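Please read all numbers here as calculations on a predicted model, not as lab measurements. Every chain is numbered from 1, with letters handed out A, B, ... down the list of sequences.
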Amino acid sequence: MNDSDKIRLLRDMIFYRRFEDRCFEAYVERKIGGFLHLYSGQEAVATGVLEMANVGVGEKGDYVITGYRDHVHALKAGAPAREIMAELYGKETGSSRGRGGSMHIFDPTANFMGGYALVGQPFPLAAGLALGCKHKKTNQIAICFLGDGANNQGTFHETLNMASVWNLPVLFVCENNGYAIGTHIDRSTAQTDQYKRVDTAYNIKSSQHDGMDIDIVMEEAKKAVDYVRNEQKPYFIEFMTYRYRGHSMSDAKGYRTKEEEAEWEKRDPIKILSDRLIKSGALKQADIKKMENEIHDEIENDVIKFAEESPEPDVADLNKYVLDDNPDPRWIGPLK
Amino acid sequence: MAETAYWEAIQRAHDEEMTNDPLVIAMGEDIGVAGGTYKATAGLYDKYGAERIIDCPISENSYTGIGIGASMIGMRPIIEIMSINFALLALDTLVNAAAKIRYMSGGRVSCPIVMRTPGGTAHQLAAQHSARLARMFMSTSGLRVVTPRGPLDAYGMLKSAVRSNDPVIIIEHERMYNLKEDIPEEEYFRPLEGAEVVRQGEDITLIGYNFSVHLCLEAAKKLEADGVSAEVVDLRSLKPIDRETIRRSVEKTHRVLVAEEDEAPVGVGSEIITGIMEDCFFALDSQPVRIHAADVPVPYNHKLEQAAIPDVDDVYQGALKALGKI
């Protein structure tokens with residue numbers, strides 16, 4: 001990977017950070033409703049893993065699925081930023097036509113198969129995507145991003161067992177940020193090293209890595225993606241990371257200390273990569289400032305503008321999308 | 001025409017749909033090597049192999065979820081849940097995922113799964129194998145719920161369910177798998193929507209679904225001996241409900257009874273009778289009657305079990321009440 005690729009990835013991560021910060025602002029302005037879960041701090045994981053997968057190529061690419069902290073995974077998979085923001089604004093032009101909101105971003109044209117609010121629910125859905133890929137022999141794989149908290153759901157155990165027995169090409173990416181909503185992993189989970197919960201239990205290869213340094217993430221993700229695709233078997237990869245903001249916007253973070261937060265922020269994924277690029281001479285501090293300004297303008301002048309100016313769904317369409325809106329009468333009826 | 005048992009009709013529909021479309025697969029516990037608890041997939045493992053007739057571990061929620069995930073990218077899974085009681089374990093993936101993905105993706109992703117399950121009382125299987133949860137599934141937006149009363153619909157509705165783009169729950173019945181009926185030997189489809197008048201009558205409408213249609217038909221014979229002409233309507237689909245066919249029948253007979261094996265509070269009858277009140281209140285000559293199971297977990301003891309679930313005489317007596325004869 002050359003310097004221009006690294007600069008592109010740095011730009012991706014700065015864009016994602018600014019996107020999430022802008023969501024925060026819009027939420028405070030009450031432009032965005034409901035629950036809002038922001039990804040800031042964890043950018044290196046989604047960015048690095050998906051850089052190593054076959055995404056951004058439309059429907060022929062790998063499938064990506066995740067939980068409710070889903071904006072950045074959708075962005076890196078190739079969903080347009082303006083459509084995601086329009087979704088958060090509840091607009092008809094949004095990724096889910098204003099019906100899903102922050103937690104339910106979908107973009108099948110980018111093979112981004114959704115954000116889900118039931119913790120652990122994407123495990124079986126991801127394995128099902130992988131089963132479809134294997135059945136159709138397309139060489140696509142499914143990539144499932146979930147947090148450490150999801151691993152205490154039954155779906156984790158049930159799905160990993162089946163993914164292993166049936167040799168499904170699915171990569172489980174565990175983003176271990178140390179907290180299940182507001183409960184520290186030490187207080188909720190008997191085995192805190194998540195990768196140790198799958199190897200002997202479900203006969204799935206697994207490993208644990210630093211999730212703040214995107215170079216490490218990419219190096220390890222490449223091996224994992226290649227293994228899943230070439231061996232047609234599941235793999236479980238755990239990245240140690242940290243979310244800077246609360247679980248959602250209503251979270252005052254009373255369960256953790258300022259010192260802990262400051263410790264993690266020293267290893268900020270954007271800082272690690274930008275320091276490295278400055279040190280190598282590929283970038284100057286002024287270049288980064290310029291990049292930040294460009295991103296700021298792009299988000300205001302394109303992404304936010306599109307969301308602001310888009311129409312809301314028509315209330316007359318309330319019942320649209322519940323079932324197939326144009327069903328074939330041969331299968332559906334009415335009975336003659 | 002060929003005399004066919006209910007289970008054979010289901011097996012034939014699987015076989016034809018799997019031949020027709022390579023994306024159709026079946027998933028469930030013991031459906032492959034073991035041949036299926038009620039033989040609904042008998043012989044198909046040898047014909048289609050382990051990749052398409054998938055024996056699942058006892059993990060209802062997640063294998064249903066795997067079927068849903070596969071359906072999101074074009075697969076057509078037929079998921080068997082051995083008993084509707086176990087479907088409670090799969091409610092998260094069925095209700096929170098399959099029923100909602102189409103809506104919350106703004107119509108961009110659909111989940112064309114079929115879930116088949118027996119949903120009645122059999123013979124002394126006790127509380128945890130005798131649940132009837134039709135009323136629960138019919139209250140879930142985003143699902144279709146159908147209840148084939150015999151081999152004709154068991155075959156024709158499963159084939160339609162496989163081809164529809166919606167998640168379809170097919171509620172079968174433990175006491176119907178050996179029910180026989182002449183059905184066409186050539187391929188046919190029966191639509192998922194639409195109630196059906198299965199017996200014409202003038203004096204009262206008896207409404208049932210699934211096994212209770214047979215209670216209604218038997219009760220209608222007894223009523224005929226009394227000189228009463230009973231019409232029998234099979235709902236066929238509990239979601240959506242065909243209110244028009246019900247209205248037409250009630251406007252003809254002016255009296256109505258709904259028979260269900262589900263329990264009464266918030267049962268199927270509650271919904272049907274509310275619809276009748278809204279659609280044709282002034283056509284009624286007497287109060288509607290609902291026949292339903294007792295509001296208890298189904299007991300093991302045979303006599304208690306029989307007392308808990310409705311039989312032909314319960315429907316007959318209920319009809320006499322609606323007719324003002326008792």
Tell me if the [atom1] atom of [X] is crowded by more than 12 foreign heavy atoms within 6.0 Å.
X: Gln128(B); atom1: CD; result: no
X: Asn167(A); atom1: CG; result: yes
X: Lys233(A); atom1: NZ; result: no

For chain A, find which of [options] contributes the most heavy-atom pairs closer than 4.5 angstrom.
options: Glu51(B), Met72(B), Arg163(B), Arg102(B); answer: Arg102(B)
options: Ile58(B), Asn165(B), Asp92(B); answer: Asp92(B)
options: Ser141(B), Ala50(B), Ala97(B); answer: Ala97(B)
options: Gly107(B), Ser71(B), Gly65(B), Ser105(B); answer: Ser105(B)
options: Cys56(B), Ser110(B), Gly74(B); answer: Cys56(B)

Select, from [options], the one with the greatest count of heavy-atom pairs under 4.5 Å involving chain B.
options: Glu158(A), Arg99(A), Met162(A); result: Glu158(A)
options: Ile105(A), Asp107(A), Thr159(A); result: Asp107(A)
options: Gly128(A), Ala163(A), Gly98(A); result: Gly128(A)
options: Gly132(A), Ser96(A), Ala117(A), Pro334(A); result: Ser96(A)
options: Gly333(A), Ala130(A), Ser95(A), Ala126(A); result: Ser95(A)

[Y] ring center within less than 6.0 Å of [X] ring center:
X: Phe306(A); Y: Tyr89(A); value: no
X: His73(A); Y: Tyr39(A); value: yes
X: Tyr188(B); Y: Tyr155(B); value: yes

### Task
Please state whether the side chain, the backbone, both or neither of Leu23(B) comes within less than 4.5 Å of a heavy atom of chain A.
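Both parts, backbone and side chain.
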
### Toward chain A, the part of Ala161(B) with a non-hydrogen atom under 4.5 Å
neither

### Message
Quick test of your reading of the model: are Glu196(B) and Arg190(B) salt-bridged, counting only N-O distances below 4.0 Å?
### Response
yes

Below 4.5 Å from any heavy atom of chain B, which atoms of [X] appear? Answer side chain, backbone, both or neither.
X: Lys136(A); answer: side chain
X: Met113(A); answer: both
X: Tyr63(A); answer: side chain
X: His135(A); answer: side chain
X: Asn161(A); answer: side chain
X: Leu118(A); answer: side chain

### Message
Has Asp62(A) got a side-chain atom pairing as donor or acceptor with Ala53(A)'s backbone, closer than 3.5 angstrom?
### Response
no

### Query
Hey, is the main chain of Gly90(A) close enough, under 3.5 Å, to the side chain of Arg97(A) for a donor-acceptor pair?
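A pair under 3.5 Å: no.
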
### Query
Within 45° of the ring axis of Phe189(B) and under 6.0 Å from its six-membered ring centre, is that where the NZ or CZ of Lys159(B) lies?
yes

### Task
Output, in order, the C-alpha distance, side-chain angles, deciding distance and verdict of ring-ring contact (aromatic ring centres under 6.0 Å, His included) for His14(B) and Tyr48(B).
CA-CA 11 Å; His14(B) 273 94; Tyr48(B) 297 102; 9.7 Å; no

